[in-house]
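Chain naming here is simple, since letters A, B, ... match the order of the sequence lines and numbering starts at 1 in each. The structure presented is a predicted model; accordingly, all values stated were derived computationally and were not measured.
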Amino acid sequence: MGHGHWDDNAYAAAKTFRRAKGEDDFGYTADLRSKPAKDWKVAPALDPLNAVRECRDSADHTDSTPIAVLFDVTGSMRRVPRVMQGKLGKLHGLLKRRGYLADPQVMFGAIGDADSDRVPLQVGQFESDNRMDEQLRTIFLEGGGGGQKSESYELAAYFMARHVVTDAWQNRGRKGYLFIIGDELNKPALEARHIRRVIGDEVREDIDPASVYRELARKWHVFFVLPNQSSYYNDPEIGEHWSGLLGQNFLKLDDPGAVCELIAATIGLEERVVDVDRALADLADVGSAAESKAVGKALAKLGTKTVVTSAVPEAEGPSDVVLR
Amino acid sequence: MSLLDGHVVVVGLGFGDEGKGAVVDALCAGLPTTAVVRFNGGAQAAHNVVVDGRHHTFSQFGAGTFAGVPTHLSRFVLVEPFALAAEARRLEAAGVRNPLSLLSIDGRALLTTPFHIHANRAREEARGVNRHGSCGKGIGETVWYSLLPGAAPGDVVESQEVIGTPGEAPTVADCARPSVLRRKLDALARFYAPLATPPHSVDELVALYRDFAGAVRITDGDETGRLADSGRLVFEGAQGALLDQYHGFHPHTTWSTTTPHNARALLGGRPHTVMGVTRTYLTRHGAGPLPTESAAVLARFPEAHNETGEFQGAWRAGHLDAALLDYAIAACDGVDALAVTHLDATGLKVVPRDGSAAVDLPDPLAWFGARLPVAVMGYGPDRAGYRVAEARSTINA
């Protein structure tokens, strides 16, 4: 974890050879889908059960910044991981080449519905080399979901708050970046039985999702991205729900194909390396002219906000998750 | 029987850039062809083909690809998978469906890895103004490393000091054997560590090369012989006879046999035609002698598809040089026919004898034809500008 270098060329070559062999970019999904549903399970490398994920500095990367991208893999959202897979090289390249971040380390995860899915949560490891691509390809695109306009985002948020350790925070008091990409609501409560079954923590009482996001926001810049492809895109309830939890960090994105670009530009803004105009010009330079329009719209409100520098937090402060 | 009905070996008679790609394309488009066989060089080849407005600079794929002819990379070729993948993507963009399925590779072909490439660049940069005009693609380094087994640190092999303990050179067949490949790549990494370290881990390369081995057909035994017995082959030479490792002007040579000798070895005595390719003027990339060099020629014939390479240096041009042409033909042990490209060029001159002044050359085709039958005439970059003549051999027919 955290060693080695991302290389666009190697990434593209591997993708070319796999395509020539007729292999799907999501080979793990293709394999599982050929089996009966009762055999569907998370790939061991992505299993959150009793797991801790770390984002550590190394000799190669002395100023690591964690970036976690967790997407809803239910139903129509499955297009997003495919878009990510296709543009991953661009994301990492943009962050590094434009100097947005010195040592980005990226982790991918996937969110489903703990009430109805066999694989409701998958979390990879923070990587800075081409293993990112491998991780993404190992995500199981279950495509289920319950149809009750809610997914288990809060279960993923709980994992990120409690089971991720980063040198950025511990040594430098710097927050990481968490992007949740989805189109529905949190469950009304984070159920203790789901935490026990999926993550393995001995929690006995259900938890209020709002308190999970409050705890998470201490160590992470948390964004919720609602891409335009679901029937809920213009549903005011989704916007109110997420704005209530994350304030201005709820972003609506016209073009789901621009999700990679949005992540890069958001980080550039948050790091105050670029302003909106510069970020969009950078995107245009890497050949994302069409996407940069959608990104510009999504970022309009972020660009105008006053960035407040938080005091360096205590490294190991008390948790504020409220049990109820 | 026409000179061109059987196997044809296409070889450059200059310093490269003679137009071999266009000639191979014209030969493949003209008659049914089983395969284009590459018999030297590696990813540094750059053969431009233009067909109906489609353009591609062929590097590891054979220049018969637009004509739908598969490519076989023989055991004499150096294979670089990263560049191969990039080229496959460019070919796809140019409308070739699944280009990698058109490719077969002899498992004995040497593998050019990022270790070779980074070492090559480190050495060339250290030479400063005394650059050899290398393409920076690791070709010489790949050959050199393959000569080292048995050598010890401090030994001098081919005038280069051995900087560590060498291992066996990785081959294309190793890509399908991860444990063997890993052992060889570990040895390569250790060997080159004092000179240069590429950004890739051995683990990553093993995974990538395994994907590569799964995507192309790797052959063993005498695949070229099998292909030759099933139909007509066009052998595509890379670089030119004047850059040959034995006949070129050191140190400005390529570590490759650019003459037809490898192709003849692959043909194992089967009848064939050797076709030398030449422009109506001389060109070369980067450092090294070019006795008839002329700024006027360079200015008159700008190149659409050749430019200054970061490692290779400037594009240069000069008048035809009769002495060099005869020398190149002799280095090939004679050729059976000529292909003359850039016949659309006007105001040409030739230096008829070593040291004499350049004289006007109003009819280049007649001048070349007086030496050998001209079998392919090229008037322009597009395939439509090429005429394949019904030439009859005086030698092999």
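Put simply, the side chain of A/Thr16 does not reach to within 4.5 Å of the side chain of B/Asp211, judged on heavy atoms.
What you find for A/Phe17 and B/Ala215 is that their closest heavy atoms are O-CB, 3.4 Å.
Around the CZ atom of B/Arg177, the shell of radius 6.0 Å holds more than 12 heavy atoms that belong to other residues, nucleotides or ligands.
In terms of heavy-atom pairs under 4.5 angstrom with chain A, the leader among B/Leu84, B/Leu208, B/Val216 is B/Leu208.
Here salt bridge (Lys or Arg N to Asp or Glu O under 4.0 Å) pairs that include residues 55-72 of chain B, with residues two or more places apart or in two chains, number zero. Within the structure, the salt bridge (Lys or Arg N to Asp or Glu O under 4.0 Å) test picks out the following pairs touching residues 83-101 of chain B (sequence neighbours left out): A/Arg19-B/Glu92.
Contacts between B/Pro114 and chain A at a heavy-atom distance below 4.5 Å are absent for every atom of the residue.
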